[in-house]
Amino acid sequence: MVFAKTIQADHYFLALTLPDSVTEQLVTWRATALPADEGIPLPKAQLYMVLAWINSPNAAQLSQLHPAIAALRSPAFTFTLNDAGYWPRSGQCWVGCRPAPRELLQLAALLRSRVARIGCPQSSLPFHPHVTLLRQVPSSLTLPKRNFSWSVACNHFSLFSSRYQRSRRIITLENTYPLSPN
């Protein structure tokens, strides 16, 4: 992995991407289950589950990032998006999994630990596996019934960069890392 090809990003993050079929179903569900004027919907391409943030890394941290992550050996797993919620403080509406599989929680913990070891602190809040659907949602939002269930098979996770350019967030896939077959 060579970060020199990419303009220095503001932030990086590690995430699980969702299959196109699941993101299509999420977009359709969001359009029918949530009021159209409630918040700002995230684009289909930004419907992923963030596992760890790498905020404002310097060049030395970026050079340590790939080897630290590539050496990780974690098993593939499946999770089910079957829960929804709203965080009033951040104004986010999300879907998540309850219960979260042990492999998902372990992967997030390992990644957060390795990122912290290269000098990029992680949030002290506990990891809550979720996919953000809407931002800037008013507190008057009423969540629909949780009558959905989308199964997601995970055999890899990805590193993304995020930077602002002309008042727009540009997200770029930097690398993909395989999970071990079961």
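Every heavy atom of this structure was used, including side-chain atoms; hydrogens, water molecules and symmetry mates were not.
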**Complete:** Sorted by chain and residue number, the side-chain hydrogen bond (donor to acceptor under 3.5 Å, both in side chains) partners of S113 (sequence neighbours excluded) come out as R117

Only distances under 3.5 Å count here; give the side-chain donor-acceptor pairs of residues 69-79 to other protein atoms, sequence neighbours excluded, each with its distance to 0.1 Å.
unit_1: R73; atom_1: NH1; unit_2: A70; atom_2: O; d: 3.1

**Item:** Pair L51-L104, side chain to side chain contact (heavy atoms under 4.5 Å, CB included): steps then yes or no
**Value:** CA-CA 9 Å; L51 303 170; L104 170 57; 3.9 Å; yes

Can you give each donor-acceptor pair under 3.5 Å made by side-chain atoms of residues 29-36, sequence neighbours left out, with the distance rounded to 0.1 Å?
unit_1: R30; atom_1: NH1; unit_2: L42; atom_2: O; d: 2.9
unit_1: R30; atom_1: NH1; unit_2: L133; atom_2: O; d: 2.9
unit_1: R30; atom_1: NH2; unit_2: L42; atom_2: O; d: 3.2
unit_1: T32; atom_1: OG1; unit_2: T28; atom_2: O; d: 3.2
unit_1: T32; atom_1: OG1; unit_2: W29; atom_2: O; d: 3.2

Determine all donor-acceptor pairs shorter than 3.5 Å in which one atom belongs to a side chain in residues 87-98; sequence neighbours excluded.
unit_1: Q92; atom_1: OE1; unit_2: T132; atom_2: OG1; d: 3.2
unit_1: R98; atom_1: NE; unit_2: D83; atom_2: OD2; d: 3.3
unit_1: R98; atom_1: NH2; unit_2: D83; atom_2: OD2; d: 3.4

**Request:** Look at the side chain of Y12 and the backbone N and O of S56, then say whether any donor-acceptor pair between them is shorter than 3.5 Å.
**Result:** no

**Request:** Only pairs at least two apart or in different chains count here, so list each salt bridge (Lys or Arg N to Asp or Glu O under 4.0 Å) that has a residue in residues 151-160.
**Result:** none

**Message:** Suppose we screen for side-chain contact (heavy atoms from CB on, under 4.5 Å). Which residues come up paired with P121, at least two apart in sequence or across chains?
**Reply:** none

**Fill in**
Students should find that the hydrophobic cluster of Y48, defined by side-chain heavy atoms under 4.5 Å apart, otherwise consists of F13, V50, W53, F160, I171, L173

**Complete:** Minimal heavy-atom distance between A60 and S63, with the atoms involved, is O-OG, 2.7 Å

**Message:** Before you tell me yes or no, could you show the steps for V152 and T80 under side chain to side chain contact (heavy atoms under 4.5 Å, CB included), namely the whole-Å CA-CA distance, both residues' side-chain angles and the distance that decides it to 0.1 Å?
**Reply:** CA-CA 6 Å; V152 179; T80 302; over 6 Å; no

**Gap separating the CZ atom of R102 from the CG atom of L107, nearest 0.5 angstrom** = 12.5 Å

**Fill in**
Here the gap from Q46 atom CD to T23 atom OG1, rounded to the nearest 0.5 Å, amounts to 12.5 Å

**Asked** Have H66 and Y177 got a donor and an acceptor in their side chains that come within less than 3.5 Å?
**Response** yes

**Item:** Taking every non-hydrogen atom, the tightest pair across L105 and F127
**Value:** CD2-CD2, 3.9 Å

**Item:** Side chain T172, main chain E174, donor-acceptor under 3.5 Å
**Value:** no

**Test side-chain hydrogen bond (donor to acceptor under 3.5 Å, both in side chains) applied to E24 - qualifying residues, sequence neighbours left out** = K44

**Request:** Run the numbers on L14 and V115 for side chain to side chain contact (heavy atoms under 4.5 Å, CB included), then give the verdict.
**Result:** CA-CA 10 Å; L14 295 155; V115 168; 3.9 Å; yes

**Message:** Is there a path of hydrophobic side-chain contacts, each under 4.5 Å between heavy atoms, that joins L81 and L143?
**Reply:** yes

**Request:** Please list, chain by chain and in numerical order, all residues satisfying side-chain contact (heavy atoms from CB on, under 4.5 Å) with S124, sequence neighbours excluded.
**Result:** none

**Item:** Within 6.0 angstrom of Q106 CD, more than 12 heavy atoms from elsewhere
**Value:** yes

**Exam field: side chain R114 to backbone A68, donor-acceptor pair closer than 3.5 Å** = yes

**Prompt:** How far apart are the closest heavy atoms of L62 and P57, and which atoms are they?
**Reply:** CD2-CG, 3.6 Å

**Separation of C154 SG from E103 CD (nearest 0.5 Å)** = 10.0 Å

**Message:** Over 60° means perpendicular and under 30° means parallel, so tell me whether H130 and H128 are parallel, tilted or perpendicular.
**Reply:** tilted

**Asked** When rounded to the nearest 0.5 angstrom, what is the spacing between CZ in R112 and SG in C120?
**Response** 13.0 Å

**Prompt:** What residues form a side-chain contact (heavy atoms from CB on, under 4.5 Å) with P67, not counting sequence neighbours?
**Reply:** none

**Item:** Counterpart residues, side-chain hydrogen bond (donor to acceptor under 3.5 Å, both in side chains), relative to H156 (two or more places apart)
**Value:** T17

**Fill in**
Smallest heavy-atom separation, A84 atom then R146 atom, equals O-NH2, 2.6 Å

**side chain to side chain contact (heavy atoms under 4.5 Å, CB included) assessment of V27 paired with L47** = CA-CA 9 Å; V27 168; L47 297 178; 3.8 Å; yes

**Asked** If every non-hydrogen atom of V22 is compared with every non-hydrogen atom of S151, which pair is closest and at what distance?
**Response** CG2-O, 3.9 Å

**Distance (rounded to the nearest 0.5 Å) between I54 CD1 and D10 CG** = 13.5 Å

**Request:** Return the set of residues passing side-chain hydrogen bond (donor to acceptor under 3.5 Å, both in side chains) with Q61 (not counting sequence neighbours), or none when no residue passes.
**Result:** none

**Asked** How many angstroms lie between atom CZ of F157 and atom CG of L179, to the nearest 0.5 angstrom?
**Response** 6.5 Å

